[in-house]
2 protein chains.
Amino acid sequence: MGEYNVAILGATGAVGTRLIQQLEQSTIPVKSIKFLASARSAGKQLKFRDAPVVVEEAKPESFEGVDLVLASAGGDVSKRLLPEAVKRGAVCVDNTSAFRMDPAVPLVVPEVNAEALNRHHGIIANPNCSTIQMVVALEPIRKAFGLKQVIVSTYQAASGAGQQAWNEMNTQAQEHLDGKEMQSTIFPVKGGAKHYPLAFNLLPQIDVFEDDGYTHEEWKMIHETKKIMLDDMDAPDIKVTATCVRVPVGIGHGETVYFEVADPKQASREKIQEALAKAPGVVLQDDPDQQLYPQPINAEGKRETFVGRVRGDQENPGSYHMWVVSDNLLKGAAWNTVQIAEKLVEKKLVRIK
Amino acid sequence: MGEYNVAILGATGAVGTRLIQQLEQSTIPVKSIKFLASARSAGKQLKFRDAPVVVEEAKPESFEGVDLVLASAGGDVSKRLLPEAVKRGAVCVDNTSAFRMDPAVPLVVPEVNAEALNRHHGIIANPNCSTIQMVVALEPIRKAFGLKQVIVSTYQAASGAGQQAWNEMNTQAQEHLDGKEMQSTIFPVKGGAKHYPLAFNLLPQIDVFEDDGYTHEEWKMIHETKKIMLDDMDAPDIKVTATCVRVPVGIGHGETVYFEVADPKQASREKIQEALAKAPGVVLQDDPDQQLYPQPINAEGKRETFVGRVRGDQENPGSYHMWVVSDNLLKGAAWNTVQIAEKLVEKKLVRIK
């Protein structure tokens with residue numbers, strides 16, 4: 001006995017298929033479902049809770065009668081179509097970067113700033129994958145001890161660049177194992193001027209470069225983290241800086257997060273571990289004696305963010321390290337999007353037609 | 001017309017074969033060569049400058065008449081045999097961790113502290129691979145602007161754990177691509193209680209854990225960096241902290257190095273790039289417009305340390321990021337060892353028998 005008419009925009013990609021799966025497993029009472037995609041994918045038959053659903057071409061009129069849109073079809077598509085959906089009374093959760101830094105659009109990680117949903121005007125943005133898992137791990141620390149600064153290095157999986165890119169890395173790996181030259185047409189940036197192999201290699205470029213030498217991905221982590229964690233306007237500023245590196249992993253981003261707490265006297269390795277252990281969405285995997293620490297292969301398919309290797313900087317009291325891993329396609333994308341939608345439904349922030 | 005009787009201890013491993021190759025290409029005038037290894041490898045025939053050399057079992061008497069020993073056969077072997085070689089008048093350059101932190105043993109990266117060789121007592125230690133490439137990149141910055149602190153995250157290649165481990169990662173990659181379960185018997189630590197796959201995964205453990213939650217590899221980076229860079233006793237202390245992660249790459253360690261200079265007014269992104277461009281052993285690869293930055297696949301087989309992605313932390317004047325890559329088997333091991341030997345010969349610090 002569903003209540004909501006839901007549309008998934010971009011239903012066929014690596015994130016899209018997981019949006020369907022996460023929605024199937026969600027608490028949202030779905031009355032009807034529409035799968036929308038480009039003209040190229042229209043006509044394809046997919047399933048929702050075992051019932052066949054034919055993919056339709058996404059057009060402004062597609063959103064007539066739709067209450068809730070989950071979008072992951074690229075920034076340009078979101079920019080063009082989500083305002084059309086809002087015009088027709090739908091609430092949209094957008095997994096692209098199109099509206100993330102728009103001051104009128106809440107940028108939400110439910111474990112951190114679910115209350116920002118109350119201020120929505122029809123569109124809610126899902127943050128970048130590498131940002132989400134970091135703020136899930138940082139928020140319990142900020143709450144308990146305050147946060148002065150964060151220095152993060154990422155180890156980002158191939159699937160974050162999309163299904164095609166992920167396939168390319170696997171093909172390259174096979175070429176390399178066969179002693180052949182690796183062919184590159186996508187990494188580091190689809191449509192970019194130069195392409196390099198990712199298999200058995202490291203690419204310190206995700207997204208395009210800005211004039212100051214940072215990549216756009218690095219600036220996303222900096223700006224999005226501040227927007228999410230400082231949503232409460234009275235919160236003191238947190239300094240954030242980042243280096244983003246693509247690594248030859250299929251699913252699961254890793255991050256070394258170095259942070260300085262505001263109240264060093266209250267914090268300790270054990271107290272930080274305690275705060276993480278009881279934090280929502282976090283699984284503490286931190287037992288060096290048992291060689292227990294987060295690994296991408298163990299995070300794959302899970303909704304949680306895994307944290308381990310917590311330890312103090314012995315020469316800087318109040319500064320600590322941690323290692324954070326999560327499934328970039330789930331908490332980093334599809335699950336956080338559906339989780340936002342669950343919260344919207346829970347808070348009755350989606351109007352039913 | 002060679003002058004030196006040279007022995008290579010541990011001639012058959014991933015580093016050993018490269019020690020032979022680097023010695024072949026070196027400026028050291030070699031009169032005779034001995035390849036020493038365990039009883040298991042004795043009898044194997046290898047080559048030195050096209051001449052066949054039969055591997056002999058390493059015993060104390062093997063070092064009779066030897067002037068110069070290059071050792072990479074494991075810490076226990078070095079501890080047992082190098083004092084025997086010294087007793088017989090040889091000078092030893094040791095690529096194991098056996099003597100690195102011994103105050104009487106110089107720990108040398110020729111670009112940084114070649115003068116420490118003058119104080120040797122028969123054994124000179126080669127630092128850990130991840131330390132070497134970092135200090136090569138940091139030294140020109142320290143010289144120009146001073147250094148207050150360093151926070152490093154490593155992306156370390158499989159070959160750093162030895163030939164067998166490297167083979168295991170390749171086998172795992174093929175298993176994964178074939179849809180089979182990956183088998184693990186070596187990573188993260190040979191002989192450890194638990195083993196995990198490295199292919200398409202990330203392992204935030206290199207070497208064993210200490211009580212404070214750091215791995216031994218992380219402490220090596222901290223202590224060795226200080227020993228090498230503060231060799232001049234008047235040098236002000238540098239704070240160093242590290243997280244070491246093993247990544248599914250064959251050859252070439254990557255490092256995100258975040259550092260704070262002592263003199264922020266003198267430093268700038270451009271001036272740091274200039275200092276790096278003219279530093280010995282460094283190749284600056286830093287042109288975002290051309291998507292030029294260091295990558296392991298380009299560093300493989302090269303002696304230099306490659307540095308790119310130099311840029312300031314916009315919220316912490318005086319703090320900067322850089323990305324450092326080098327061939328962990330060459331500058332990280334075999335080449336630095338042979339380079340130390342070249343310096344010893346140049347400085348006439350090896351007595352010829």
Side-chain angles (χ1 to χ4, degrees), chain A residues 149 151 153 155 170 173-174 176-177 182 188-189 192-194 196-197 199-205 209-210 212-215 222 237 239-241 243 245 247-252 254 256 258 269 286 288-291 293-297 308-316 319 321 323 325, chain B residues 149 151 153 155 170 173-174 176-177 182 188-189 192-194 196-197 199-205 209-210 212-215 222 237 239-241 243 245 247-252 254 256 258 269 286 288-291 293-297 308-316 319 321 323 325:
Chain A
Q149 78 168 319
I151 301 163
S153 294
Y155 301 61
N170 286 327
Q174 191 61 64
H176 185 76
L177 291 169
M182 296 189 275
V189 179
K194 294 189 183 170
Y196 310 118
F200 303 105
N201 196 23
L202 300 166
L203 294 174
Q205 180 190 358
F209 281 102
E210 310 275 345
D212 56 10
Y214 282 71
T215 59
I222 295 167
D237 192 23
K239 292 180 181 178
V240 183
T241 191
T243 303
V245 180
V247 298
V249 168
I251 288 182
T256 58
Y258 180 90
R269 184 179 174 210
D286 196 6
D289 287 344
Q290 296 298 317
Q291 294 180 263
Y293 35 71
Q295 298 176 38
I297 52 167
R309 302 288 335 267
V310 176
R311 72 217 128 92
D313 177 347
Q314 311 265 348
E315 295 181 295
N316 280 313
S319 289
H321 298 273
W323 167 247
V325 175
Chain B
Q149 78 168 321
I151 301 164
S153 294
Y155 301 63
N170 286 326
Q174 190 61 63
H176 185 75
L177 291 169
M182 295 189 275
V189 179
K194 294 188 183 171
Y196 310 119
F200 302 104
N201 196 23
L202 300 166
L203 295 174
Q205 181 190 1
F209 281 103
E210 310 275 344
D212 56 11
Y214 281 70
T215 59
I222 296 167
D237 193 22
K239 292 179 180 178
V240 183
T241 191
T243 302
V245 180
V247 297
V249 168
I251 287 181
T256 59
Y258 179 89
R269 185 181 174 209
D286 196 5
D289 288 342
Q290 296 298 316
Q291 295 181 265
Y293 35 70
Q295 298 176 38
I297 52 165
R309 304 284 339 264
V310 176
R311 73 216 126 94
D313 177 346
Q314 311 266 349
E315 296 181 294
N316 279 313
S319 289
H321 297 273
W323 168 247
V325 174

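Each chain gets a letter, A, B and so on, in the order the sequences are listed, and its residues count up from 1.
Put simply, of B:Pro294, B:Ala199, B:Gly312, the one with the most heavy-atom pairs under 4.5 Å next to chain A is B:Gly312. Of the listed residues (B:Val325, B:Val240, B:Asp237), the one with the most heavy-atom contacts under 4.5 Å to chain A is B:Val240. Most heavy-atom pairs under 4.5 Å with chain B: of the set A:Asp289, A:Ile251, A:Asn170, this distinction falls to A:Asn170. Between chain A and the options B:Gly250, B:Pro248, B:Ala193, heavy-atom pairs under 4.5 Å are most frequent for B:Pro248. In terms of heavy-atom pairs under 4.5 Å with chain B, the best-connected choice from A:Ile222, A:Thr243, A:Asn201 is A:Asn201. For the set A:Val247, A:Asn316, A:Leu203, the count of heavy-atom pairs under 4.5 angstrom toward chain B peaks at A:Asn316.
Of the two parts of B:Ile297, the backbone and the side chain both hold a non-hydrogen atom closer than 4.5 Å to a non-hydrogen atom of chain A. When heavy atoms are compared at a cutoff of 4.5 Å, B:Phe209 approaches chain A solely by way of its side chain, counted from C-beta outward. For B:Asp286, no part lies near chain A; criterion is any non-hydrogen pair under 4.5 Å. Only the side chain of A:Ile151 has a heavy atom closer than 4.5 Å to any heavy atom of chain B. Heavy-atom distances place no part of B:Ser319 under 4.5 Å from chain A, backbone and side chain included. Within the 4.5 angstrom heavy-atom criterion, only side-chain atoms of B:Pro188, from C-beta onward, approach chain A. When heavy atoms are compared at a cutoff of 4.5 Å, B:Tyr155 approaches chain A by way of both its backbone and its side chain.
Within the model, atoms CG of B:Asp212 and CD of A:Gln314 stand 5.0 Å from one another, a figure rounded to the nearest 0.5 Å. In this structure, OH on B:Tyr258 lies 6.0 Å from NE2 on B:His321, to the nearest 0.5 angstrom. The NE2 atom of A:His176 sits 11.5 Å away from the CD atom of A:Gln174 when rounded to the nearest 0.5 Å.
Side-chain N/O atoms of A:Thr241 and A:Tyr214 include a donor and acceptor closer than 3.5 Å. Between the side chains of B:Tyr196 and A:Gln295, no donor-acceptor pair of N or O atoms lies under 3.5 Å.
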Is there a side chain to side chain contact (heavy atoms under 4.5 Å, CB included) between A:Arg309 and A:Thr256 once you walk through the steps? CA-CA 9 Å; A:Arg309 302 288 335 267; A:Thr256 58; over 6 Å; no

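Nearest heavy-atom pair across B:Pro288 and A:Gly213 is CG-CA, 4.5 Å. Here the closest non-hydrogen pair linking A:Ala173 and B:Phe200 is CB-CZ, 3.9 Å. Taking both residues in full, the closest heavy atoms of B:Pro296 and B:Val249 are given as CB-CG1, 4.0 Å, listed atom of the first, atom of the second, then distance.
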